[in-house]
Amino acid sequence: MKTIQLSRLQSISRKVIFLALTLWFCFSSLLTWATAEEMKYNMFESLPAFLWTDYINDSKVMPGQFENTCIKSFTRPYSEISLNSFLTRFLPHDKSYSSNDWIYGKWHTIYGFEAALGYYDQDFNPLLIQGNYLTFEYITGENWQDQTIESTGYGYINLDQIPEFKAYFESTPWGNFGLDSLFKVMKMTGTFAQNEFIPDSIQYQSFIDSYHPVENPDLHRIRELEDKQLIVWEPIIEEEKSASSVTIYACNLYAYRYDYEPFYVQDQSMTLPELLRYSLEKNPSAQKHSLIESYITVSVQKSDDLIIAASVRFWPLKYAVLRLIPYYLISLALVLLLLKLILMSIQKELITHENPSA
């Protein structure tokens, strides 16, 4: 009798467990698909809206200010394009992650997309396209020596052209905007091509061992310390100077660096900034709509004829799966707990049915 009872219990248990886990799996799969579809829909809706609000005025209050503003805007998609749904808020977008957090560096998990921006004139001639840059205010060498510590304008360096200098800056979607606390001022020699600075040499200030400032000194203080020979200029890169080289002192440093991985677009390998150029300049139809991987390029023209364009690459299904991990774990635990309670109840009913006097 006990053998028959045990066999019946095992048979019923297997059926109940199989049914419960199948229902959980089907519901979770449907939910994952719906979340991925929602993420894809939100991206296609949010990107044009973002570009309309991402207004950059092409006014040149100071030389190079337009390019400086454009470079600083490269982080904006990661703070202003929100793809969260109710369930994906288990892992919300948060720019305050530090290198001590387990999720740090897993940018596809945090954001689910990568973006590249570009700025064009009304004839689609590129003004500035997303890349890796260092932008700064600068003081001419003459003004520095005369102790006239006032910014002359803004300049920028294309870090992609100087790999050894690029390595100084961290690769994240947010770039590295804390440079001013590390390098209060840099001494550079080189030439200007409009507002792009092409350096021959770059040096940073280093306090000598016998001098330890209580706090980070300002530019005027650094200039005074230089006269007193309490700081030295340490080289970062050094090349042969050209005859037209000028010396500048760069301050308020801001670097944007993000290493884009190449992928295939219509059988061509390219990075996302390259896709942006390719889509606007050669093939506007270069886009893909898929839950596995999607990419799209959108452009809008402002009232001042400035054209802002963006290419985004995103992974809806991967994003949904990763961000629903807390749901999977919690819901599966609840299902298993409920199964245990149901099986205990079935076992009790069987015992009562087989032994009515019990």
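Treat the numbers as computed from the prediction; the structure is a model and nothing was measured.
Every residue two or more places apart in sequence or in another chain that forms a side chain to side chain contact (heavy atoms under 4.5 Å, CB included) with Asp146 is listed here: Thr148. In this structure, the side chain to side chain contact (heavy atoms under 4.5 Å, CB included) partners of Ser299, at least two apart in sequence or on a different chain, are Phe124, Leu280, Ile307, Ala309. Under the side-chain hydrogen bond (donor to acceptor under 3.5 Å, both in side chains) criterion, Thr297 pairs with Ser279, Ser311, sequence neighbours left out. Remark: Leu23 engages Leu19 in a side chain to side chain contact (heavy atoms under 4.5 Å, CB included) (not counting sequence neighbours). For Thr152, the side chain to side chain contact (heavy atoms under 4.5 Å, CB included) partners two or more places apart in sequence, or in a different chain, are Tyr138, Thr140, Asn143. Looking at residues two or more places apart in sequence or on another chain, you find no side-chain hydrogen bond (donor to acceptor under 3.5 Å, both in side chains) involving Ser294. Take Tyr260 and apply the side-chain hydrogen bond (donor to acceptor under 3.5 Å, both in side chains) test, not counting sequence neighbours, and it matches Gln130. Under the side-chain hydrogen bond (donor to acceptor under 3.5 Å, both in side chains) criterion, Tyr133 pairs with no residue, sequence neighbours left out. For Glu226, the salt bridge (charged side-chain N to carboxylate O under 4.0 Å, His left out) partners at least two apart in sequence or on another chain are Arg223.
Contacts classified as salt bridge (charged side-chain N to carboxylate O under 4.0 Å, His left out) and involving residues 155-164 (residues at least two apart or in different chains) are given here: Asp160-Lys166. Annotation: salt bridge (charged side-chain N to carboxylate O under 4.0 Å, His left out) contacts involving residues 277-296, sequence neighbours excluded, comprise Lys288-Glu293, Glu293-Arg313.
Put simply, the residue from Thr247, Ile248, Ile149 that forms a side chain to side chain contact (heavy atoms under 4.5 Å, CB included) with Trp144 is Ile149.
Summarising the geometry, atom CG belonging to Leu253 is positioned 7.5 Å from atom SG belonging to Cys251; distances are rounded to the nearest 0.5 Å.
Between Tyr256 and Leu159 there is no side-chain heavy-atom pair separated by less than 4.5 Å. Inter-residue side-chain proximity for Ile308 and Lys302 is flagged as met; some heavy-atom pair is nearer than 4.5 Å.
With hydrogens and angles ignored, the 3.5 Å screen pairs no side-chain donor or acceptor of Lys318 with any backbone N or O of Leu291. Proximity of a side-chain donor or acceptor of Gln65 to a complementary backbone N or O of Met62 within less than 3.5 Å is detected. Asn132 contributes a side-chain N or O that, together with a main-chain N or O of Tyr258, makes up a donor-acceptor pair within less than 3.5 Å.
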Report all side-chain donor-acceptor pairs from residues 328-337 shorter than 3.5 Å, counting only partners two or more places apart or in another chain.
{"residue": "Tyr328", "atom": "OH", "partner": "Thr32", "partner atom": "OG1", "Å": "2.5"}
{"residue": "Ser331", "atom": "OG", "partner": "Trp24", "partner atom": "NE1", "Å": "2.9"}
{"residue": "Ser331", "atom": "OG", "partner": "Tyr327", "partner atom": "O", "Å": "2.7"}
{"residue": "Ser331", "atom": "OG", "partner": "Tyr328", "partner atom": "O", "Å": "3.3"}

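Other residues, nucleotides and ligands contribute over 12 non-hydrogen atoms within 6.0 Å of the CZ atom of Phe44.
Residues Ile236 and Met186 share a closest heavy-atom pair of CD1-CE, 3.9 Å.
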